[in-house]
Structure formats: C-alpha cells, structure tokens
Amino acid sequence: MKREIIKTADGSVTIHLPEWNEQYHSKHGAISEAIHVFIDAGLHYYAEKHPNQAISILEIGFGTGLNALLTLLESEKRDIKINYTG
C-alpha cells in the first residue's frame with residue numbers, strides 16, 4: 001500500500017494513504033488536532049482534576065508519535081510527571 005507524506009493546513013505533516021483517501025491526522029492541521037483532542041481535552045482536563053499527581057498514559061497505536069512528542073513538551077512546560085507507554 002502506497003504511503004505519502006503530506007503537509008497539513010497548519011504546516012505540520014501526516015501520512016496519507018491514497019488508495020483509501022485516508023490519513024493519520026486531519027488534513028486541516030495535524031498538530032492543531034492533536035493539541036485539541038489529546039492535550040486540551042485529555043491531558044489538561046485530567047491534570048486539572050488531579051493536581052500535583054503523576055499521570056500515567058497508555059496510548060494504543062503510537063502512529064507517528066505526535067501525541068507522545070506533544071505530551072513531552074507539555075509535561076516540561078507545566079512540570080508534570082508523566083509515565084507514558086505507547
């Protein structure tokens with residue numbers, strides 16, 4: 001199956017499968033989508049409900065690793081201890 005790297009609307013890239021007209025992330029913005037879903041609605045929501053507590057994340061289907069990278073950057077920015085398994 002052919003795979004193409006395409007640039008999304010926010011300038012980030014994702015993997016596109018032409019045979020299925022499908023991609024790993026939104027063509028409108030891979031980084032924007034991951035921040036909205038994984039960081040804002042997931043990590044931030046949980047961290048606010050459980051302040052000063054280590055967080056364990058299990059991500060099934062590591063994909064491009066974008067969620068892991070964004071989680072690392074956010075954990076450093078907010079000084080949150082995260083145990084991440086992908």
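Residue indices begin at 1 and follow the sequence shown.
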Asks: Using modelled atom types only, decide if a donor and an acceptor are shared between the side chain of Thr8 and the backbone of His28 within a distance under 3.5 Å.
Replies: no
Asks: Please name the pair of heavy atoms, one in Gly29 and one in Ser12, separated by the smallest distance, quoted to 0.1 Å.
Replies: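 The pair with the smallest heavy-atom distance is C-OG, 4.3 Å.
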Asks: Are the side chains of Thr64 and Leu69 in contact, using a 4.5 Å heavy-atom criterion?
Replies: no
Asks: Quick check for you: to the nearest 0.5 Å, what is the distance between Leu17 atom CG and Gln23 atom CD?
Replies: 8.0 Å
Asks: Write out all pairs satisfying ring-ring contact (aromatic ring centres under 6.0 Å, His included) with one or both partners inside residues 41-76, taking only residues at least two apart or from two chains.
Replies: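 Sorted pair list: Tyr46-His50.
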Asks: So with a 6.0 Å cut-off around CG of Asn52, is the heavy-atom count from everything else above 12?
Replies: no
Asks: Rounded to the nearest 0.5 Å, how far does CD of Glu22 lie from CE of Met1?
Replies: 10.5 Å
Asks: Would you give the length of the straight line joining atom CD1 of Ile6 to atom NE2 of His16, rounded to the nearest 0.5 angstrom?
Replies: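 It is 5.5 Å, given to the nearest 0.5 Å.
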Asks: What's the shortest heavy-atom distance between Leu43 and Ile82, and which atoms?
Replies: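 The pair with the smallest heavy-atom distance is CD1-CD1, 3.9 Å.
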Asks: Measure the NE2-CG distance between His25 and Leu66 for me, rounded to the nearest 0.5 Å.
Replies: 4.5 Å
Asks: On a heavy-atom basis, which atom in Glu59 and which in Ala68 lie closest, and how many Å separate them?
Replies: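 Glu59 and Ala68 have their closest heavy atoms at OE1-N, 4.3 Å.
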Asks: Judged by atom type as modelled, is there a donor-acceptor pair below 3.5 Å linking the side chain of Thr71 to the main-chain atoms of Asn67?
Replies: yes
Asks: Once rounded to the nearest 0.5 Å, what's the spacing between atom CD1 of Ile15 and atom CZ of Arg3?
Replies: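 Rounded to the nearest 0.5 Å, the CD1-CZ separation comes to 7.5 Å.
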Asks: With a 4.5 Å cut-off on side-chain heavy atoms, are Thr85 and Ile57 touching?
Replies: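 Answer no - side chains too far apart.
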Asks: From Ser75 OG over to Ile80 CD1, what is the distance, rounded to the nearest 0.5 angstrom?
Replies: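 Here the interatomic distance stands at 7.0 Å.
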Asks: Is it possible for you to say whether Ile35 and Leu73 belong to one hydrophobic cluster, with membership spreading through side-chain heavy-atom contacts below 4.5 Å?
Replies: no
Asks: Consider only side-chain heavy atoms of I, L, V, M, F, W and Y, link residues closer than 4.5 Å, and tell whether Tyr24 and Ile31 are in one cluster.
Replies: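 No, separate clusters.
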Asks: List the atom of Ser26, the atom of Glu33, and the distance in Å for their closest heavy-atom pair.
Replies: N-OE1, 2.8 Å
